[in-house]
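Convention: sequence-line order gives letters A, B, ...; per-chain numbering from 1. Hydrogens, waters and symmetry mates are skipped; everything else that's a heavy atom, side chains included, is used.
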Amino acid sequence: MTCTEFERALADIIDDESCRTVEHHQHIETCSSCESLVNDLNAISEEARFLEREAEPSARVWNSIEMALRQEGLIRGRRRVFTIFEQKRHWWRAAWLVPVAATLLVIFGVRYELTAPKEASKNISLAANDVTSDDDQQLLQTVQRRSPAMLASYEDNLRNVNSYIRDAEESAKSNPNDEEAQRILMNAYEQKAMVYEMAVDRSLP
Amino acid sequence: MSAAGKGDLTDAKKSKGNKLTETEAIERAKQGDAEAFETLYTLHKRRVYSLCLRMTANTAAAEDLTQEAFLQLFRKIGTFRGESAFSTWLHRMAVNVVLMQLRKKGLSVVPLEETIETEEETPRKELGAADAKLAGSVDRLQLQRAIDALPPGYKSIFVLHDVEGYEHNEIAEMVGCSIGNSKSQLHKARLKLRELIKTAKAQKASNR
């Protein structure tokens, strides 16, 4: 058997020794080059099975999945507070949810302050430029204390949702009779309330 | 070994204490329980993400694909009846999401050489050339770098077979090629890896 013939057969016999003929075995024993090739390919294959499996996605991934699941209604339960948006109401009647969610956050934040070590509130340096309200800052501080790994993700979410709300508000003001613009604005408020609610959930002991 | 046999490589068996088991989490997720979804995500995120990362070699793309794979899974969780292991079901879905994404980007999942096979395109052993041996000295980091450098088609089949443990018949079904092609492409992928690792070793040696 020549090296070329052996190589042609290699794809079928490399992983299955039972497919090897006497000629294959004899060739491996007498040809150091083909023996080396088989050993190398086996070494690559064996090493591949032990490649590191500990890579971990950032917190952003779960956050986005959770948000999508809630929006699609796949996560059910006490978050039915959002049923209000399913009714045909004007957007300004729904906007109260954001301060309510913020108030909830403050209540839980205060409760935490009474029980948690004071060091938790020190040395907090948040990217305030993109987050406008005190409520947002309060939320980020709570996240910083309870789930520091989630901070960047919440900053991103707030930045995005605030931008979404600004755009939606401008559109709704310019077109006060446009139901679609109002629906979009309600959705924007809903998303922000959702961010707050998720933070409140995570803050619960 | 089939991929199902590698189920213990996930974190699925590690659920301890008062945390939900996988079976409990599946049932509760079907009812819309938020904690159950998070439990399932936590149990399997590393394996799914690792697969996506290995296939794309890009953290942002891998995260997007991980998100998409879990969303597809959670949307269909009500249909899961337990005929196969949950990890197998999830992993297949992740593989399909990645393959679909590669196809969308116009990257061939099966190398073109499959249909237009030429001697020139196939990585070959250089007969008569000095043949540095790799056996016993394949560094994992070098191997990972070489995998990242593989053409997408070779990479898909190598990762699915040698890293993830799928059999050729399973790969053929997922990728949409014949079993013979899967074997052939795997072999070429290994030859290409050997070539890449040898080149890297030679460069490293010449830099000393």
Side-chain angles (χ1 to χ4, degrees), chain A residues 2-4 6-16 19 31-80 153 197-198 201-202, chain B residues 1 6 9-10 29 31-34 37-38 41-42 45-50 52-54 59 62-64 66-67 70-71 74-75 77 124-125 127-128 131-140 143-144 146-147 158-159 161-163 165 180 183-188 190-191 193-194 197-198:
Chain A
T2 65
C3 290
T4 308
F6 180 79
E7 281 183 50
R8 280 195 188 131
L10 198 50
D12 290 320
I13 65 171
I14 184 118
D15 292 328
D16 190 354
C19 292
C31 176
S32 62
S33 179
C34 286
E35 183 194 18
S36 167
L37 174 65
V38 170
N39 289 340
D40 286 354
L41 297 183
N42 282 336
I44 287 169
S45 180
E46 282 165 20
E47 201 61 40
R49 297 182 195 283
F50 298 101
L51 283 176
E52 186 63 58
R53 290 180 172 276
E54 290 304 309
E56 186 158 354
S58 72
R60 176 189 74 84
V61 178
W62 170 248
N63 223 22
S64 303
I65 291 171
E66 185 180 10
M67 204 173 271
L69 291 175
R70 291 191 186 285
Q71 283 173 343
E72 292 177 26
L74 291 171
I75 289 180
R76 294 188 290 271
R78 55 202 177 83
R79 290 174 191 270
R80 294 308 294 167
S153 176
E197 208 176 345
M198 280 163 55
D201 260 12
R202 282 204 169 82
Chain B
M1 183 199 295
K6 281 193 160 188
L9 290 172
T10 69
Q31 310 304 316
D33 182 302
F37 281 114
E38 189 162 8
Y41 174 76
T42 305
K45 64 182 175 182
R46 288 187 189 87
R47 190 167 180 219
V48 171
Y49 178 66
S50 298
C52 296
L53 190 57
R54 222 164 260 134
T59 53
E63 289 196 342
D64 288 347
T66 302
Q67 180 180 328
F70 274 100
L71 277 175
F74 289 151
R75 285 176 189 135
I77 199 161
R124 297 166 59 198
K125 183 180 65 150
L127 293 173
D131 196 15
K133 291 185 179 181
L134 296 181
S137 63
V138 178
D139 179 272
R140 281 182 204 171
L143 178 59
Q144 185 58 65
I147 293 171
F158 180 81
V159 168
H161 188 278
D162 278 5
V163 181
K183 281 185 183 177
S184 164
Q185 299 311 319
L186 173 67
H187 184 58
K188 288 175 190 170
R190 288 174 181 163
L191 288 174
L193 286 172
R194 182 185 190 236
I197 294 170
K198 280 169 75 173

Report task. Look up atom CD in A:E7 and atom NE2 in B:H187, then write down how far apart they are to the nearest 0.5 Å. Result -> 7.0 Å
Report task. Could you look at A:D15 and say if it's the side chain, the backbone, both or neither that has a heavy atom under 4.5 Å from chain B? Result -> side chain
Requested in this report: Give a yes or no answer on whether the side chain of B:Q144 reaches the backbone of A:L51 with a donor-acceptor pair at less than 3.5 Å.
Outcome: no
Query raised in the report: Measuring from B:F37:CZ to A:I65:CD1, what's the distance to the nearest 0.5 Å?
Result: 11.0 Å
Query - From CG (B:L143) to CD (A:E46), nearest 0.5 Å - result: 12.0 Å
Query raised in the report: B:S184 and A:A11: which non-hydrogen atoms are nearest, and at how many Å?
Result: CA-CB, 4.5 Å
Report summary line: Whatever's closer than 4.5 Å to a heavy atom in chain A on B:I77 counts as neither
Query raised in the report: Would you call A:D16 and B:K183 a salt bridge, taking side-chain N to carboxylate O under 4.0 Å as the test?
Result: no
Query raised in the report: Which one, A:L10, A:V61, A:V38, leads in non-hydrogen pairs under 4.5 Å with chain B?
Result: A:V61
Query - Which residues share a salt bridge (Lys or Arg N to Asp or Glu O under 4.0 Å) with A:E72, sequence neighbours left out - result: B:R75
Report summary line: Distance col, row B:R190:CZ vs A:I44:CD1, nearest 0.5 angstrom, shows 8.5 Å
Query raised in the report: Is it the backbone or the side chain of A:I14 that comes under 4.5 Å from a heavy atom of chain B, or both, or neither?
Result: side chain
**Report entry** Note, B:I197 side chain near A:D40 side chain (heavy atom, < 4.5 Å)
**Finding:** no
Query raised in the report: Should A:L69 and B:L71 be marked as a side-chain contact (heavy atoms from CB on, under 4.5 Å) after you check the CA-CA gap, both sets of side-chain angles, and the distance that decides it?
Result: CA-CA 8 Å; A:L69 291 175; B:L71 277 175; 4.0 Å; yes
Query raised in the report: To the nearest 0.5 Å, what is the distance between CD (B:E63) and CD (A:E56)?
Result: 10.0 Å
**Report entry** Set of ring pair (Phe, Tyr, Trp, His ring centres under 6.0 Å) partners for B:F70, sequence neighbours left out
**Finding:** B:Y41, B:F74
